Q: 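The structure under discussion is supplied below as structure tokens; questions concerning it will follow.
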Amino acid sequence: MSETLPEEPTPLSESEIVAARRAKLKRFRDELGFEPYGQREDGLVALADARARFSEEAHVAYESAAKEAKAAAAAGGAVAPVADGRAQVKIAGRVVQHRDMGKLVFLFLRDATGDLQVSVSKSAVSAQAFELAKHADYGDILVAEGPIGRTNKGEVCVWASAVSLGAKSLAAPPEKWHGLSDPELRYRRRYVDMYANPETAKVFAMRARIISRIRRFMDARGYLEVETPVLQPIAGGAAARPFTTHHNALDMQLFMRIAPELYLKRCLVGGMRKVYEINRNYRNEGIDRSHNPEFTAMEVYEAFGDYGTMMELTESLIHDLAVSMVEERRAAGLRVEEKGPNGGPVLPWGDLAIDYAKPFVRVKFEDLFRRGAGCEMRDFKAVRAKARELGLHHEAKLDDWLVVNEVFEECAEPLIDPCRPTFVTDYPSAVSPLTRPHRDDPTLCGRWDIFIGGMEVGPAYTELNDPDIQLAKFTEQLKGADDEESTFRTLDEDFIEALRVGMPPAGGLGIGIDRLVMLLTDSASIRDVILFPLLRSMSAGGGAGAEHGE
RNA sequence: GAUUGCGUAGCUCAGUCGGUAGAGCAGCGGCCUUUUAAGCCGUAGGUCCUGGGUUCGAGUCCCAGCGCAAUCACCA
């Protein structure tokens, strides 16, 4: 048998598990007469709702009536129909447990609202339906109907009178007890993660409610939601590297937006007083626990407001969201912290218990600097000495204020209590080049950053609306651009023109929605709150690079 | 980009000093009408991430690569 076998054009051979499932699919269809991919079903009840319709009285009444009828029949009496006061339901869900007891099969179905047992007795359903239930696989989607009762052991269940297929699953299921725990597989096969790990689905349901509440909050305060371009000829509004793309018909290079800012400000020029956008931004930067190349932010601009207006807005919004999350946790029976020393709402985030009590902590950049560095930030000599002491060797090459900024990040930011949302206010103008300086002290500007749990959740600004100053600052920024930067950084002359038309003074705000959702849902990674985070593309077998070379 | 750790059956994981590749779940064939990770009997399932090296012999040691994670850097 050592002669070379003919080279077979091997189609990817499916695993035995998949082959077995295909065989079952065929059998269900050909022998049992079930359509393996289902059909429209009206009147389906969510599993949680079906469970809620269980009535102990109806169950007990039915059981005793059935027992009497059986006894009467055994004694040769007339067989009267048994009164059944139990709620009848039709449900659908994915099989996540399957116990075959011979002539009785217990299945657990799962949908987005939870799990519910279906008990299939050989005596209560057609022979075909019983075979289907007996040979159903983990991952199959089943439709069942019958009364809501419970088992002798007390498990609420649907006592099936009919069972059919919603969809045959051909994929090997994850481990039934541990679920899918490999983070890579959870992200790559999110559709499996979502049913195998109910916590995952819950996080995304919470995310949806959070964003919905944000909209209601903003709408109630009279902000108008607008949509601005993702495809932009000039990527402005932030200092990030953009993704590039191309429009064929116009033969035009385009950038994916890195921020909506410059368009939202045009809206203010046009006369909108209060606008917001919940938007996706795309930044061609690194990936880590708090960065995904595409992420959701909310930006807000309010004419005749300033960074203080935005502070009140942000504080109320985040506080209200935290209150509703505490209510959600309580309703879900999760642990809810007692009110903290500041009066809570308190939400867990990893090992932390974050207290969202109003007012949030407010601290001036300058004061926090003094506490952390032990010197005045304007005493550049002392600041530089501190920088050297911290081992910031490139200190000599930097401008005074950049050294201030580095020293601040090194020894002042760590002083911020991660368990209290904290506004750091009045940054030096020199490290916030596009922000409007204070009139009474131009070395400082109208900017704050909010930190929660050690993460920067967002900044706000008193926006610059003087077109000449804006132009000068843009131009200066362009001069400082390196070779790579200058390939995508261009002066947005139309934006300057818009400012010349006249933009009212304004407050502007940006909040990282993903990070906020992380905090509110106790998620450690941004990838846990983004359904389909960007992953490296799969190379078959994991070693394609070595095989094919480049 | 740097450092560290991990990569073994569909999934979750063991694998000792370098000496013939293991378990549980899932699968397949049986038994069972009250299970709660059901149980019992039987059975099948492997590119030990990829490539190279050391060795009589590599899942194990060494080198390179790929992927993931953590930390750091980057990220108005």
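Naming convention: chains lettered A, B, ... in sequence-line order (proteins, then strands); numbering from 1 in each chain. Quick caveat, the model's predicted, so the values are computed rather than measured.
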Q: When we call it a touch if two heavy atoms are under 4.0 Å apart, what does Y427(A) touch: a base, just sugar-phosphate, or nothing?
A: nothing

Q: Between G46(B) and G53(B), how far apart are the two P atoms, rounded to whole Å?
A: 27 Å

Q: In whole angstroms, how far is the P atom of C74(B) from the CD1 atom of I258(A)?
A: 18 Å

Q: Can you figure out which of C28(B), U12(B), A76(B) approaches the side chain of L180(A) most closely?
A: U12(B)

Q: Could you let me know what G46(B) is paired to, Watson-Crick or G-U wobble, both distances under 3.5 Å, or none if it's on its own?
A: none

Q: If I pick the P atom on A58(B) and the same atom on U20(B), what distance separates them, to the nearest angstrom?
A: 12 Å

Q: Whole angstrom is fine here: how far is it from CG in L107(A) over to P in U33(B)?
A: 16 Å

Q: Which value, in whole Å, describes the distance between the P atoms of nucleotides U71(B) and A64(B)?
A: 25 Å

Q: Please walk me through it: do E294(A) and R280(A) pass salt bridge (Lys or Arg N to Asp or Glu O under 4.0 Å)?
A: CA-CA 6 Å; E294(A) 57 179 308; R280(A) 199 76 64 83; 2.6 Å; yes

Q: Ignoring the backbone of T151(A), work out which of A73(B), U36(B), G27(B) is nearest its side chain.
A: U36(B)

Q: Figure out the CG/C1' separation between D137(A) and G10(B), and round it to whole Å.
A: 12 Å

Q: With heavy atoms under 4.0 Å as the rule, sort S123(A) into base, sugar-phosphate or nothing.
A: base

Q: Identify whether any heavy atom of R186(A) sits under 4.0 Å from a base atom; if not, whether one sits that close to sugar-phosphate; answer base, sugar-phosphate or nothing.
A: nothing

Q: In this structure, how many angstroms lie between the P atom of A37(B) and the CG atom of N197(A), rounded?
A: 17 Å

Q: Can you tell me the distance, in whole Å, between the CD atom of E16(A) and the P atom of G10(B)?
A: 10 Å

Q: Between C49(B) and C56(B), how many Å separate the two P atoms, rounded to a whole number?
A: 25 Å

Q: Would you mind pulling out the nucleotide paired to A37(B), Watson-Crick or G-U wobble, both distances under 3.5 Å?
A: none

Q: Provide the distance between the two P atoms, one in U55(B) and one in C62(B), to the nearest whole Å.
A: 16 Å

Q: Tell me which nucleotide among G27(B), A73(B), C68(B) gets nearest to the side chain of A20(A).
A: G27(B)

Q: Specify the separation, in whole Å, of atom CZ of R21(A) and atom C1' of G10(B).
A: 9 Å

Q: Within the structure shown, what part of the strands sits under 4.0 Å from D449(A) by heavy-atom distance: base, sugar-phosphate, or nothing?
A: nothing

Q: Considering just the side-chain nitrogens and oxygens of R527(A), establish if one lies under 4.0 Å of OP1 or OP2 belonging to C68(B).
A: no

Q: Nearest of C28(B), U12(B), C68(B) to any side-chain atom of H178(A)?
A: U12(B)

Q: Could you check how far OH of Y138(A) sits from C1' of C28(B), rounded to whole Å?
A: 14 Å

Q: On RNA chain B, nearest-nucleotide positions of G154(A) versus E175(A): which is more 5'?
A: E175(A)

Q: Determine the interatomic distance between C1' on C61(B) and the same-named atom on U43(B); round to the nearest Å.
A: 37 Å

Q: Any base atoms under 4.0 Å from E261(A), or only sugar-phosphate, or nothing? Heavy atoms, all strands.
A: base

Q: Distance between the P atoms of U33(B) and U8(B), in whole angstroms?
A: 41 Å

Q: Need to verify one output field. Residue with the more 5' nearest nucleotide on RNA chain B, A172(A) or C157(A)?
A: A172(A)

Q: Would you sort out whether S119(A) and Q117(A) count as a side-chain hydrogen bond (donor to acceptor under 3.5 Å, both in side chains), showing the intermediate values?
A: CA-CA 6 Å; S119(A) 305; Q117(A) 182 169 290; 3.3 Å; yes

Q: Would you indicate which nucleotide in A37(B), A76(B), U71(B) comes nearest to any side-chain atom of R289(A)?
A: U71(B)

Q: G18(B) pairs with which nucleotide, Watson-Crick or G-U wobble, both distances below 3.5 Å?
A: none

Q: Please tell me which of the listed nucleotides, A76(B), U36(B), A26(B), lies nearest to the side chain of K176(A)?
A: A26(B)

Q: What's the closest nucleotide to the Q97(A) side chain, out of A26(B), C32(B), A37(B)?
A: A37(B)

Q: Please verify the inter-ring angle class for F369(A) with F408(A); under 30° counts as parallel, over 60° as perpendicular, anything in between as tilted.
A: parallel

Q: Once you apply a heavy-atom cut-off of 4.0 Å, does A240(A) come out as touching a base, just sugar-phosphate, or nothing?
A: nothing

Q: Which nucleotide wins on minimum distance to the side chain of Q117(A), given the candidates U12(B), U34(B), U36(B)?
A: U36(B)

Q: Give one of base, sugar-phosphate or nothing for S121(A), where a contact means two heavy atoms less than 4.0 Å apart.
A: base

Q: Using the C1' atoms only, state how far G1(B) lies from A76(B), rounded to an integer number of Å.
A: 22 Å

Q: Tell me the interatomic distance from I17(A), atom CD1, to C11(B), atom P, rounded to whole angstroms.
A: 9 Å

Q: Please name the nucleotide paired to G24(B) by Watson-Crick or G-U wobble geometry with both distances under 3.5 Å, or report none.
A: C11(B)

Q: Using a 4.0 Å heavy-atom cut-off across all strands, classify G237(A) as base, sugar-phosphate, or nothing.
A: base

Q: Look at all strands and tell whether K473(A) reaches a base, only sugar-phosphate, or nothing, counting heavy atoms closer than 4.0 Å.
A: nothing

Q: Once you apply the 3.5 Å cut-off to both distances, tell me the Watson-Crick or G-U wobble partner of G1(B), or none.
A: C72(B)

Q: Can you tell me if the side-chain N/O atoms of S181(A) get under 4.0 Å from OP1 or OP2 in C13(B)?
A: yes

